[in-house]
Amino acid sequence: MRPPAFEAKIRTPEGLQSWIGQLRRPLVFTNGVFDLLHRGHVTYLARARDLGAGLLVALNSDASARRLGKGADRPINPLEDRLALVAALDAVDAVTWFDEDTPEALIVAARPEVLVKGGDWPVERIAGGASVLARGGRVLSIPFEHERSTTRVVERIRAAKSPS
C-alpha cells in the first residue's frame with residue numbers, strides 16, 4: 001500500500017536546500033512540539049497560513065521537546081506521529097523537524113518572509129526573528145483564539161486516572 005498523500009509533505013531537514021524552493025512564497029515559518037493536536041493548534045496554523053502563500057512547520061524532535069521541561073514523559077506522541085498529524089492539515093505545505101533547542105538554523109536556511117509563534121511568545125524572544133527582520137521580513141506573535149494547552153489536557157487525564 002502507498003502512504004497517504006499528505007505524508008509527501010514530511011521533509012527531512014537535511015534535504016532543506018533541495019525542497020525549500022518548491023514552497024510557495026511568501027513563506028510563513030512556525031515551529032513547536034504539537035504533541036496532542038487540539039483546536040488551538042489547528043486554528044493557530046490556519047491563521048499562520050493566512051499570512052502567506054505557503055506554510056512550513058518545524059517540529060521539535062523528541063529529545064528537543066524533552067529539553068523544554070514539560071515533563072520526562074513528554075512528548076506523548078513520537079515525532080513520526082506528530083509529523084504525520086501536522087502534515088495532514090490543509091493549512092500546512094511542508095513539515096520538518098529540528099533536534100536543537102531552537103529552529104534558528106532552519107529559519108536562516110529557509111529564509112521565510114514571515115516568522116510566527118503563538119500569542120505567549122513576545123516577538124523579541126522568537127528564535128530566528130533577527131535574521132527574518134534583517135531581510136525585510138515580518139515577525140509576529142499570533143493571539144490565541146482558543147485557550148487550549150496540551151499540558152492542561154495531560155493534567156486533566158492524570159487527574160481523572162488518579163484515585164480520589
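Reckoned from all heavy atoms, side chains included, excluding hydrogens, waters and symmetry mates.
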Can you give the donor-acceptor pairs under 3.5 Å from side chains of residues 19-26 to other protein atoms, not counting sequence neighbours?
unit_1	atom_1	unit_2	atom_2	d
W19	NE1	T12	O	3.0
W19	NE1	G15	O	3.2
Q22	OE1	R11	NH1	3.2
Q22	OE1	R11	NH2	3.3
R24	NE	A53	O	3.2
R24	NH2	D93	OD1	2.8
R25	NH1	R111	O	2.6
R25	NH1	E113	OE1	3.2
R25	NH1	E113	OE2	3.2
R25	NH2	A110	O	2.9

Could you tell me which residues satisfy side chain to side chain donor-acceptor pair (under 3.5 Å) with [X], sequence neighbours excluded, listed by chain and number?
| X | result |
| --- | --- |
| D99 | S61 |
| T30 | Y44 |
| N31 | none |
| S131 | none |

Quiz item: Members other than L68 in its cluster, when Ile, Leu, Val, Met, Phe, Trp, Tyr link by side-chain heavy atoms under 4.5 Å?
Solution: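 Other cluster members: V33.
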Do you know the tightest heavy-atom contact between [X] and [Y]?
| X | Y | result |
| --- | --- | --- |
| S141 | G119 | OG-CA, 3.4 Å |
| A58 | L106 | CB-CD1, 3.9 Å |
| R66 | A72 | CD-O, 4.0 Å |
| A109 | L16 | CB-CD2, 3.2 Å |

Exercise. Evaluate the side-chain proximity of F98 to S64: yes if any heavy-atom separation is below 4.5 Å, no if none is.
Key: yes
Quiz item: Within a strict 4.5 Å, meaning less than it, do heavy atoms of the L85 and F34 side chains meet?
Solution: no
Quiz item: Do the side chain of D35 and the main chain of I76 share a donor and acceptor less than 3.5 angstrom apart?
Solution: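 Here the side-chain-to-backbone pair exists.
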Quiz item: Just by distance, do the side chain of D62 and the backbone of P78 share a donor-acceptor pair under 3.5 Å?
Solution: no
Apply side-chain contact (heavy atoms from CB on, under 4.5 Å) to [X] and list each qualifying residue two or more places apart in sequence or on a separate chain.
| X | result |
| --- | --- |
| I126 | L115, K117, W121, V139 |
| P122 | E124, R125 |
| D101 | R67 |

Practice problem: Identify whether the distance between the nearest side-chain nitrogen and carboxylate oxygen of R49 and D90 falls below 4.0 Å. | Solution: no
Self-check item: side-chain contact (heavy atoms from CB on, under 4.5 Å) between F29 and V114, intermediate numbers included
Solution: CA-CA 6 Å; F29 184 105; V114 183; over 6 Å; no
Quiz item: Are L56 and L59 in one and the same hydrophobic cluster, where Ile, Leu, Val, Met, Phe, Trp and Tyr link if side-chain heavy atoms are under 4.5 Å apart?
Solution: no
List the atom pairs, with distances to 0.1 Å, where a side-chain N or O of residues 1-9 and a protein N or O form a donor-acceptor pair under 3.5 Å, not counting sequence neighbours.
unit_1	atom_1	unit_2	atom_2	d
K9	NZ	A87	O	2.9
K9	NZ	L89	O	2.9
K9	NZ	V92	O	2.7

